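One structure is given below, encoded as structure tokens.
Here is the naming used below: chain letters follow the sequence lines, and residue numbers restart at 1 for every chain. Values in this document were obtained by computation on a predicted structure and should not be read as measured data.
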There are 2 protein chains.
Amino acid sequence: MANIKDIAKMAGVSVTTVSRVINNYPYVSAEKAEAVRLAMKKCNYQRNINAVHLSKGKTYLIGVVVPFSNHPYFGLLIEGIANAALKNNYKLVLIQTNYEKDKEIEALTMLKDKQIDALIVCSRICEWSVMEDYIEYGPIILCEDARGKTVASTFVDHYKSFTAALNYLYQKGHTRIGYCIGRRSGTNSEQRDAAYKDFLEENALSYNSDFIFSGCFNFEDGEKVVAKLIQQKSRPTALLVTSDQVAAGILTCCKEQGIFIPEDLAIMGFDNQPISQVMHITTLEIPLVEVGKKLFHQAMDGENVSHEEIPVKLIERETV
Amino acid sequence: MANIKDIAKMAGVSVTTVSRVINNYPYVSAEKAEAVRLAMKKCNYQRNINAVHLSKGKTYLIGVVVPFSNHPYFGLLIEGIANAALKNNYKLVLIQTNYEKDKEIEALTMLKDKQIDALIVCSRICEWSVMEDYIEYGPIILCEDARGKTVASTFVDHYKSFTAALNYLYQKGHTRIGYCIGRRSGTNSEQRDAAYKDFLEENALSYNSDFIFSGCFNFEDGEKVVAKLIQQKSRPTALLVTSDQVAAGILTCCKEQGIFIPEDLAIMGFDNQPISQVMHITTLEIPLVEVGKKLFHQAMDGENVSHEEIPVKLIERETV
DNA sequence: ATAATTTATGAAACGCGTTTCAATGCAAGA
DNA sequence: TCTTGCATTGAAACGCGTTTCATAAATTAT
């Protein structure tokens with residue numbers, strides 16, 4: 001395989017000139033440029049991208065950390081990031097962690113290695129103190145409220161939006177409100193829990209641990225929630241479900257069990273995924289594709305540490 | 001930032017020795033190894049991965065081409081690939097094409113560039129003749145029946161499985177059978193269409209273009225299918241739906257419209273995604289995570305062009 | 001005791017494109 | 001006519017780890 005030197009020799013010019021032609025830099029005479037192009041065509045020349053990477057110290061790769069890739073929430077986020085990446089000639093390196101710390105650290109190591117130019121963490125597992133050590137190696141972008149921290153972030157203020165949702169349900173007359181969440185830990189979950197507790201306190205409602213269902217990620221997890229629900233003698237009358245998928249699963253199973261929505265149980269989803277529209281689920285819209293796009297642009301604008309809050313919108317449909 | 005030379009100088013050894021220590025090669029005395037390690041720690045040495053890539057001519061990156069990343073079908077496939085990649089110290093570069101040829105060619109170019117060591121195409125758009133030109137640059141793996149072609153593949157024989165599904169419905173008494181599919185073109189779609197036409201001919205049934213619904217990818221697409229369905233005066237009595245998501249969407253909308261499943265309309269899904277279990281949808285199981293794993297291993301075993309057929313299993317539930 | 005291995009170690013070549021810097025030629029402005 | 005400046009062009013340095021090959025020393029085998 002021919003390299004730039006071979007082409008230079010063949011075209012009777014220097015490698016510098018060849019490089020200039022390849023990269024469309026000025027100051028190359030038309031004849032020489034033509035000669036170079038001819039030589040490249042003749043040899044079916046392909047420049048070695050790794051040499052470019054080494055030389056430039058950049059890879060045009062952005063790491064994206066997600067716990068799962070088969071979840072619509074992350075799917076949409078990735079979609080948004082991928083679209084923006086495409087437009088900017090960047091590629092994504094997907095790092096699926098399955099919520100294992102080691103995997104996340106591997107991603108951070110890739111940043112340190114300079115194998116990726118920046119790292120977007122869609123859902124963080126490592127403690128902040130661990131992440132902090134890697135900031136010096138390149139931009140790290142979080143998809144969680146990171147105000148006050150020294151990395152950029154695009155986020156939903158989950159305290160605020162959870163509070164708004166709870167108040168909405170309260171206004172509708174609900175006082176026995178529960179919620180479904182993915183994992184218990186994590187910034188977002190903690191914000192939500194804080195909002196929940198503050199809401200209870202403010203309205204002099206008592207805390208009931210049975211009203212909190214964790215491990216809710218997918219449609220099928222709704223089944224488990226309903227199974228638990230029907231065993232409870234004093235059920236919640238409303239459920240805040242942090243994923244439309246799960247909400248849809250709950251809805252489907254409730255129908256089967258003869259639990260009427262919203263009469264017996266009000267359900268409020270999150271994200272405004274297409275499924276919520278089809279199933280008429282009242283939900284809190286989060287423009288995930290938009291979030292993904294912003295995340296990418298923050299990754300590009302590495303030095304600038306900004307924090308973008310994404311507003312959510314309550315979409316009233318038929319499950320509350 | 002220190003490089004290998006600096007470390008060598010510091011430790012009083014040659015760069016070769018440092019390299020040996022880094023890569024755990026034998027033939028380094030304990031003292032020198034220790035000196036090297038000490039120097040590396042002192043400088044917080046990080047080797048430049050791009051130099052490694054250039055030198056080795058490998059990147060430990062595998063490209064994965066998908067049309068969308070927010071679809072459970074591809075999500076599971078990616079999951080399978082990602083898990084296997086993780087175990088083998090490979091990373092994935094996700095290339096989302098949105099079914100645009102240019103994007104796929106970009107992925108092929110990455111292979112040519114040696115930016116990725118192999119390319120897995122989960123859903124092909126480019127004509128085979130285009131792909132063929134890139135085979136010489138590295139392993140290309142297809143997730144479609146590529147027997148007879150010079151690239152490896154892991155696939156479901158969609159002709160066979162579609163035929164089996166059609167016969168199953170026929171045995172159940174259905175003669176007015178339609179099907180829902182994503183795109184019309186593509187190997188898989190063509191195999192299915194061929195199976196469909198052959199089935200009709202064999203059973204002396206007439207072809208009705210109204211019975212074929214394309215553009216069915218997601219849950220919400222089920223809504224459109226049902227909308228069309230209720231406008232038809234002579235409806236199919238059974239529908240083969242090439243995605244559980246869509247099947248679930250159809251099921252949900254049918255319930256709303258008072259169409260009883262399976263009495264008025266039998267529905268058969270594909271993939272055996274969790275949603276089909278929750279909604280009791282009869283389906284054809286495709287072990288997508290397993291497929292992903294196989295795809296990865298074929299990518300690893302580049303020179304060996306193998307074709308792995310994945311058997312599917314009919315899972316009887318309550319929608320037929 | 002001698003030959004045959006094995007262990008240790010480093011110089012140098014290799015992979016390859018980018019970029020800086022110096023130099024030459026030529027044209028426009030003074 | 002002479003400077004100033006832009007257009008062209010290439011040599012060489014740079015980014016950096018891997019690997020081959022030669023050499024020397026230490027073992028083991030014969």
Distance check: side-chain N/O of [X] vs OP1/OP2 of [N], anything under 4.0 Å?
X	N	result
Arg20(B)	dT18(D)	no
Lys58(A)	dT18(C)	no
Tyr27(B)	dG10(C)	no
Asn23(B)	dT18(D)	yes
Tyr25(B)	dT7(C)	no
Ser29(B)	dA8(C)	no

So, Lys101(A) and Glu104(A), do they make that salt bridge, N to O below 4.0 Å?
no

Between Lys103(A) and Glu106(A) (salt bridge meaning N to carboxylate O under 4.0 Å), is one present in this structure?
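Salt bridge between Lys103(A) and Glu106(A), a charged N being under 4.0 Å from a carboxylate O: no.
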
Please tell me whether Asp145(B) and Gln191(B) have a donor and an acceptor in their side chains that are separated by less than 3.5 angstrom.
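Checked: Asp145(B)/Gln191(B) side chains pair up, N/O donor to acceptor below 3.5 Å.
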
State whether a side-chain donor-acceptor pair under 3.5 Å links Arg183(B) with Tyr99(B).
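Per modelled atom types, Arg183(B) and Tyr99(B) side chains form a pair under 3.5 Å.
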
[X] [atom1] - [N] [atom2] separation (whole Å):
X	N	atom1	atom2	value
Lys5(B)	dT18(D)	NZ	P	15 Å
Ile4(A)	dT18(C)	CD1	C1'	8 Å
Ile22(B)	dG17(D)	CD1	C1'	8 Å
Asn24(B)	dT18(D)	CG	P	12 Å
Lys56(A)	dA13(D)	NZ	P	22 Å
Lys9(B)	dT9(C)	NZ	C1'	18 Å
Asn50(B)	dC16(D)	CG	P	10 Å
Asn3(B)	dC16(D)	CG	C1'	6 Å

Does Ser55(A) make a side-chain donor-acceptor contact with the base of dT19(C), cut-off 3.5 Å?
no

Below 3.5 Å, does any donor atom in the side chain of Thr17(B) face an acceptor in the base of dA8(C), or the other way round?
no

Give Val13(B) one of three labels, base, sugar-phosphate or nothing, depending on what nucleic acid heavy atoms sit under 4.0 Å from its own.
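The residue Val13(B) makes sugar-phosphate contact but no base contact.
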
Could you tell me whether Val28(B) contacts a base, only the sugar-phosphate backbone, or nothing, with contacts defined as non-hydrogen atoms closer than 4.0 Å?
sugar-phosphate

Which nucleotide in the set [options] lies at the smallest distance from any side-chain heavy atom of [X]?
X	options	value
Ala51(A)	dG10(C), dG17(C), dT9(D)	dG17(C)
Val52(B)	dT20(C), dT18(D), dC16(C)	dT18(D)
Ser14(B)	dG17(D), dA11(C), dC16(C)	dA11(C)

Taking Cys122(A) as the fixed residue, which of Ile141(A), Ile81(A), Ile78(A) is the one that meets the side chain to side chain contact (heavy atoms under 4.5 Å, CB included) rule?
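For Cys122(A), the side chain to side chain contact (heavy atoms under 4.5 Å, CB included) check succeeds only for Ile81(A).
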
Which sits closer to the 5' end of DNA chain D, Glu31(A) or Val15(A), going by the nucleotide each is nearest to?
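Nearer the 5' end of the strand: Glu31(A).
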
Could you say whether Asn48(A) or Thr16(B) is positioned toward the 5' end of DNA chain C, judged by the nucleotide with the nearest heavy atom to each?
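The residue closer to the strand's 5' end, by nearest nucleotide, is Thr16(B).
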
Got more than 12 heavy atoms from elsewhere within 6.0 Å of NZ, Lys293(A)?
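12 or below, so no.
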
